[in-house]
Amino acid sequence: MTETEFRWVSKPGRVREDRRFVSGRGRYVADITPPGTLHVALVTSPHAHARITGIDAAEALEMDGVVAVLTGAELAKETEPLKQYLNVPQVQWRPLAAGETRYAGEWVAAVVAESRAVAEDGAERVFVDYEPLPLVLDPEEAAEDGSPLVHPDHGTNVMAHREFRWGDVDGDRARAAGTTRVRSRWNRNSTVPLETFGVVARWDRGRDLLDVWASIQMPQFPEQLARSLRLPTNQVRVHFDVDVGGSYGVKRGIKHGVLAAHLSRMLDAPVKLIEDRAENMHGGDFHGPDRLFEVELAYTADGEFTSIRIDVLDDEGAYPGRSPLQLAKPIGAIVGPYRIPSVEYNATAVVTNKTGQVAVRGFGQSPTNYAIEAAVDAVARDLGMDRMELRRRNFIRPEEFPYRIPSGTEYDSGDYPAVLDKAVALADLPALEARRDELRAGGRLAGIGVAACLEPGGGNAIFENIMNPSNDKTTFPEACRLRVDGEGAVTVVIALSSSGQSHDTMVATLVGEELGRDPAGIAVVRADSLTGMPSQSPVGSRMTIVLGQAIRGAGDELKDKMRAIAAHNLGVGPDEVDYDGGDVAVRADPARRLAWAEIAAIAHRKQHLMPPGVQPGLEVVHAAHTPRSGALAQPDGTVQVYPCYSFEVHLVLAALDPGTGKVELDRYYIAHDCGTVINPDVVRGMVYGGTAHGIGVALYEQFAYSPEGQPLTQSFMDYLLPSAHEVPTIVDTEHCTPSPYTTLGQKGVGEAGYMGAPAAVAGAVNDALTAAGAPPVHSLPIKPGDVWAALRAARDDHRGDK
């Protein structure tokens, strides 16, 4: 089906979620307060590493309204440790620190009271005795023998280390005319959404059932909750009809859920835990990648890439959890959009005495994109070659798709030169260069940045096997229930939380396209974890791909049944009729047909007209695997990681004040290809939001620590976020190379913008610096002080030359 044949897909259409959000009718965890709800406040550690030698809660328990105080040692007796995805049995992660606290801000005790205010007052009257212990903050130091151990029983701070070589690395290096090495740093940041994490847990003692409402975006949340609480999974009901006020991957909250649920069982009352901003920023375990790269890119004299080596060291914070798995995702796009025949990839994950890390938007791909693009720019400088020409020369060509990269993954489709051409045309490159020269003539430094980056889409479970070969999970399914009632109305049931990705709009549009029914009349509802179908949550830009596959399967099954009913009543065989936008017609005589409403009525109310042996009603459930999944990684790590690959090119003009080092973005252009667009407004929103996020990473956002391990970014006064003043007008255009592996050619878009923005903005700043004779800055965010220091170093070198 081509784009022009779609009735609703790729056409402008109302984003149905907007009405309730704009009118203030969203339903968030904070809005849910069952009768008799108790509230939680947290006692947190002031030390980055310390032994807990005593906890005195007597004063807190004497306060009016305080119901209980729970310590980590007490909780540990009643629950299992939280899930680790590596084989590290000596590293126990729990909601409350038991025995030792391993980062400043870690939860040590929970105070439960009749109101949040009373609970907070009670937390101030819990006195904890600590014995400070040696700490380690720098990941390189943590990886060394003899460094202070975050988890002494594990014997090392290294949680995972894997080395991969694909292709003729030695031969490809030998034929290279030169190599360029770039050491870069992606400093710790996160998404800090408007809504902090919240959870309400209610234990029903009469039915032995735990109800949970949480602002989650996490695979297997109900199963992990049940496991930690030592409950059967069918006694835990997680409600997915809760709006999530932003996530982008960080709304995991498993420790929050376990703590609130245990307290509800212990006190036989509903319990509510809503983080305040400080708890979220420093004790919520929601930080993102904190990563050191060294990239070596080999090339011929005419700029052909021959081999790439990427060494990466990731600081997971105090507890690894799921975060080391992010080192596996880049394997599926390890050469970016370039023809590079061989790769060496060495990945190491360490723990330090910092807040824990989780999967932030892109699951580790954006930092890798930044490191690769920084190396490509460095090669261009070394060769004196135009950066866009160098990229164009090394792009995978359109006729080469599907294209297998050295690590075993096959890219599905693409036309990278065409997308670059669209970006250049959109920006009017000669005019953009003239604007750059105008800024320079006015006394400012100015530079143009370009980034050409992939967005893998359709996340599956194989990265668990890559980083931990003992884990043999190979599927990440999605499912939906599709039903047509006796009046012909269509309802779709899904079982996943909404984190702002407009799933209701996407699902209704896809179902409408499959059935030929107007999406405006299709209802989308969310089941809970006990009544819903298999789901792994909206992560890894996967919903249009995998849930789209389930929708196609459910639609086909539903249409088969409708054809059988109609054929029976039309006196022909099921293979002699066609489904036509809801009606079913005889192929040889299309005037003979049965309408949608009549088929629905027969299925529900007219047994005498039903084919023998066919069940009444029109309701189907279909579960789908991720496309192109199902195989374990080979011993050398080769595997199909993701099924689909979107692509984007960013062109950015940055202006720098040479006196203050302040960076302003003057122009911003994006050409983007996510295959078939389902809803243009949703895609545009994803691209714009992700780009703003990436601008924050490039120039503003960082969780910083003092040498003693104290967080220096205590609030939004210190942790800087880009506002409307810092994000320029973004001009974008779409290109479409449909994926051959999805139902309508769609690819992922949930991480768009963010995949290329940090690399492009950094490239623009460095273009301005190097044009002024200063060295590039390879540490994000690039702060005014970094720019000023680079310019001063250049001036000092110039004076020294004299």
Side-chain angles (χ1 to χ4, degrees), residues 189 191-192 248 361 366 369-370 373 377 387-388 419-420 422-453 455 648-672 680-681 683-702 716 719-734 749 751-769 771 777 780-784 786-787:
N189 58 75
T191 70
V192 288
Y248 316 105
R361 195 179 210 152
S366 189
N369 288 348
Y370 158 67
E373 291 296 281
D377 280 353
R387 290 168 293 160
M388 287 179 230
V419 177
L420 178 59
K422 278 195 171 183
V424 169
L426 183 69
D428 187 355
L429 187 57
L432 191 66
E433 291 172 338
R435 173 61 178 164
R436 176 200 62 194
D437 296 341
E438 177 188 341
L439 290 166
R440 289 176 177 176
R444 303 176 81 182
L445 307 181
I448 295 172
V450 57
C453 298
E455 177 189 359
E648 57 193 58
V649 171
H650 295 235
L651 278 175
V652 188
L653 174 60
L656 286 61
D657 186 320
T660 64
K662 182 180 179 182
V663 177
E664 293 182 356
L665 302 182
D666 189 78
R667 300 284 191 275
Y668 209 114
Y669 303 94
I670 304 173
H672 181 259
D681 289 334
V683 168
R684 190 171 296 111
M686 294 290 189
V687 172
Y688 287 5
T691 300
H693 185 183
I695 290 169
V697 169
L699 298 176
Y700 304 106
E701 300 182 45
Q702 180 182 357
F716 288 148
Y719 186 90
L720 303 182
L721 292 167
S723 70
H725 298 288
E726 286 75 38
V727 178
T729 299
I730 299 168
V731 184
D732 71 309
T733 187
E734 283 290 329
V749 74
E751 292 144 357
Y754 184 68
M755 290 293 102
V761 172
V765 173
N766 285 330
D767 184 46
L769 289 173
V777 177
L780 301 186
I782 300 175
K783 300 180 284 292
D786 299 326
V787 172

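Quantities reported herein were computed from a predicted structural model and do not represent experimental measurements. Side-chain atoms are counted along with the backbone in the values below, which use heavy atoms only and exclude waters and symmetry mates.
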Inset, instruction - Please test E726 against L720 for side-chain contact (heavy atoms from CB on, under 4.5 Å), starting from the C-alpha separation and ending with a verdict. - result: CA-CA 11 Å; E726 286 75 38; L720 303 182; over 6 Å; no

Legend entry - side-chain contact (heavy atoms from CB on, under 4.5 Å) between K422 and V649, worked out: CA-CA 9 Å; K422 278 195 171 183; V649 171; over 6 Å; no

Inset, instruction - Supply the atom-to-atom distance R684 CZ to E734 CD, rounded to the nearest 0.5 angstrom. - result: 8.0 Å

Legend entry - Shortest non-hydrogen contact between C453 and G756, atoms and distance: SG-CA, 3.8 Å

Inset, instruction - Quick one: closest heavy-atom pair of A692 and P722, and the distance? - result: O-CG, 3.6 Å

Inset, instruction - To the nearest 0.5 angstrom, please state how far the CG atom of D377 sits from the CG atom of D767. - result: 8.0 Å

Inset, instruction - State, to 0.1 Å, how close Y754 and R361 come at their nearest heavy-atom pair, and which atoms those are. - result: CE2-O, 2.9 Å

Legend entry - OH (Y668) with more than 12 external heavy atoms under 6.0 Å: yes

Legend entry - Separation between CG of L699 and CD of Q702, rounded to the nearest 0.5 Å: 12.5 Å

Legend entry - Heavy-atom neighbours of K662 NZ exceed 12 at 6.0 Å: no

Legend entry - Side-chain heavy atoms of V787 within contact of I782, under 4.5 Å: yes

Legend entry - L780 to A698 - nearest heavy-atom pair and separation: CD2-O, 3.9 Å

Legend entry - Spatial distance of atom OG1 (T691) from atom CG (D732) [nearest 0.5 Å]: 8.5 Å

Inset, instruction - Taking the side chain as every heavy atom from C-beta outward, state whether V761 and V663 have any atom pair closer than 4.5 Å. - result: no

Legend entry - Check: R436 side chain, A446 main-chain N or O, donor-acceptor pair, under 3.5 Å: no

Inset, instruction - For V192 and L721, work out which heavy atoms get closest and say how close. - result: CG2-CD2, 3.6 Å

Inset, instruction - Calculate, to the nearest 0.5 Å, the distance between atoms OH and NE2 belonging to Y669 and H650 respectively. - result: 14.5 Å

Legend entry - Donor on one side chain, acceptor on other, Y700 and N189, under 3.5 Å: no

Legend entry - Nearest-0.5 Å distance, CG of residue L426 to CG of residue L651: 8.5 Å

Legend entry - Donor-acceptor contact present, side-chain N766 to main-chain G763, <3.5 Å: no

Inset, instruction - Write down the atom of E455, the atom of H672, and the distance for their closest heavy-atom approach. - result: OE1-NE2, 4.3 Å

Legend entry - Side-chain heavy-atom pair V652, P728 within 4.5 angstrom cut-off: no

Legend entry - Any L420 side-chain heavy atom under 4.5 Å of V424 side chain: yes

Legend entry - Main-chain N/O of A452 paired to E373 side chain as donor or acceptor, under 3.5 Å: yes

